[in-house]
Amino acid sequence: RKLSGISRSGLTMIEAPAGYGKSTAVRWAMKKLPADQVRWFTAVSFLQDTSLDWFIRQISTLDSDAGAGLRKLGFLNRSNVSDAADILSRLSIPTPCYLILDNFQLIGDNWPLPLLQAISDRPRDGLHVVLISQNFKKMRAVFESASGVARLNSRDFLLGRKDILNYARQLGLSLSRQQADAVYRNTEGWAAAVALYLKSLQENPDKLPEF
């Protein structure tokens, strides 16, 4: 339910610390879509950033004229980003296509904010851009008031007590309410830690570790 906003928004921003399952959740949300509708870029800290070039290549496959126009602008900066924004605003993509940029905290400084603003302000069509980041920093404030942006943060990835009980049942475990409360108290609902607790219970059903 929380991830369904991805298909209704032109821009989705997902922000949570490492280990919260952001990328896994998005892959899960995309798993039933045709492979050619989902295009994924993962930034790597020790490699030169090619994300903007990758983005323009994807736009070119969807609209060759728009792609050519973006390439003609060359390196995007303050002097030409408004032209790039105009090109994106005129795009019309009837078929669903999801462009996902993972580890965006490594490359966000290279993306002009007006470009992302143009993506969020576009009329709703088939183009959906998803940014996955540990921290959006100053970019977060820019989109807090934008209506075309779907947002998920760390709170959306935490499990409640009922979620923990359901998760345990999926693993063949029958937790008592007291055990679920203990797991929640010690993990605050962080899914990775909950998984470790439940794995420990599978191996030692009579002992719930304190830490």
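What you see below is based on every heavy atom in this structure, not just the backbone, and it leaves out hydrogens, waters and symmetry mates.
Applying the side chain to side chain donor-acceptor pair (under 3.5 Å) criterion to Asn110, with sequence neighbours excluded, gives Asp49. By the side chain to side chain donor-acceptor pair (under 3.5 Å) test, Ser4 pairs with Arg8, sequence neighbours left out.
At least one donor-acceptor pair under 3.5 Å links the side chain of Asp156 to the backbone N or O of Asn153. Within the 3.5 Å criterion, the main-chain N or O of Thr12 finds no donor-acceptor partner in the side chain of Ser9. Between the side chain of Ser89 and the main chain of Asp86, a donor-acceptor pair closer than 3.5 Å is present. Looking only at distances, a side-chain donor or acceptor of Glu15 sits under 3.5 Å from a matching main-chain atom of Phe136. Of the possible donor and acceptor atoms, one in the side chain of Asp125 sits under 3.5 Å from a partner among the backbone N and O of Ile93. Proximity of a side-chain donor or acceptor of Arg122 to a complementary backbone N or O of Leu91 within less than 3.5 Å is detected. For the pair Asp163 (side chain) and Gly160 (backbone), a donor-acceptor distance under 3.5 Å is present. Judged purely by atom type and a 3.5 angstrom limit, Gln105 uses its side chain to pair as donor or acceptor with the backbone of Gln134. Here the side chain of Lys22 pairs a donor or acceptor atom with the backbone of Pro17 at under 3.5 angstrom. No donor-acceptor pair closer than 3.5 Å links the side chain of Trp190 to the backbone N or O of Leu159.
Gln37 contributes atom CD, which lies 9.5 Å from atom CE of Met30 (distance to the nearest 0.5 angstrom). Here CZ of Arg57 is found 11.5 Å from CG of Leu99. Values are rounded to the nearest 0.5 Å. Atom OG of residue Ser7 and atom CZ of residue Arg124 lie 11.5 Å apart, to the nearest 0.5 angstrom.
Ring pair Phe55/Trp111 is perpendicular by interplanar angle, where above 60° counts as perpendicular and below 30° as parallel.
Partner of Ile100 under the side chain to side chain contact (heavy atoms under 4.5 Å, CB included) criterion, out of Ile6, Val26, Leu131: Val26 alone. Each of Leu198, Leu173, Val183, Leu175 was scored for a side chain to side chain contact (heavy atoms under 4.5 Å, CB included) with Tyr167, with one residue passing: Leu198.
Inspection of the Asn103 and Thr42 side chains reveals no N or O donor paired with an N or O acceptor under 3.5 Å.
Between Asp53 and Arg71, at least one side-chain nitrogen of the basic residue sits less than 4.0 Å from a carboxylate oxygen of the acidic one, meeting the salt-bridge criterion. For Arg177 and Asp181, the salt-bridge test fails: no basic side-chain N is under 4.0 Å from an acidic carboxylate O.
Within a 6.0 Å sphere centred on CD of Glu203, heavy atoms belonging to other residues, nucleotides or ligands number more than 12. Crowding of Arg155 atom CZ: a count of heavy atoms from other residues, nucleotides or ligands under 6.0 Å not exceeding 12.
Residue pairs that meet the salt bridge (Lys or Arg N to Asp or Glu O under 4.0 Å) test with at least one member in residues 29-46, sequence neighbours left out, do not exist here.
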